[in-house]
Amino acid sequence: MSSLSVYLLGFLVLTAGLAMAAHLAGVPAAWIGAGGVVMLGLGILLAVTKTRTREIPPREF
């Protein structure tokens, strides 16, 4: 598995856990859904920025 997929899988598990805790706390389903969408978007954004390879500029002599 690539680093990106491992990061996304971990963030998905985190999001599911938070959604389950919110459900048990009695949070309305609409808010749980909205929070889940925001968390997944944030997870994708963070995964791409953390796992992308940096381009090294060519050295000039």
Side-chain angles (χ1 to χ4, degrees):
M1 284 180 108
S2 70
S3 299
L4 179 68
S5 59
V6 171
Y7 194 95
L8 286 176
L9 181 65
F11 214 87
L12 183 65
V13 169
L14 173 69
T15 302
L18 289 174
M20 185 182 300
H23 173 71
L24 292 174
V27 176
W31 286 105
I32 294 173
V37 169
V38 169
M39 288 290 292
L40 289 176
L42 183 64
I44 292 170
L45 179 74
L46 290 174
V48 170
T49 57
K50 296 275 185 191
T51 60
R52 71 176 177 180
T53 56
R54 305 248 183 227
E55 293 183 17
I56 300 172
R59 294 177 66 184
E60 295 181 23
F61 293 101

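Just so it is clear, the values below take in all heavy atoms, side chains as well, and ignore hydrogens, waters and symmetry mates.
- The shortest heavy-atom contact between Leu46 and Thr49 is O-OG1, 3.0 Å.
- Trp31 shares a hydrophobic cluster with Val27, Ile32; the chain of contacts runs through ILVMFWY side chains whose heavy atoms sit under 4.5 Å apart.
- Residues in residues 3-12 take part in these side chain to side chain donor-acceptor pair (under 3.5 Å) pairs, two or more places apart or across chains: Ser2-Ser5.
- Leu8 shares a hydrophobic cluster with Leu4, Ile44, Val48; the chain of contacts runs through ILVMFWY side chains whose heavy atoms sit under 4.5 Å apart.
- Residue Thr15 forms a side-chain contact (heavy atoms from CB on, under 4.5 Å) with just one option from Leu42, Val37, Leu40, Val38, and that option is Leu40.
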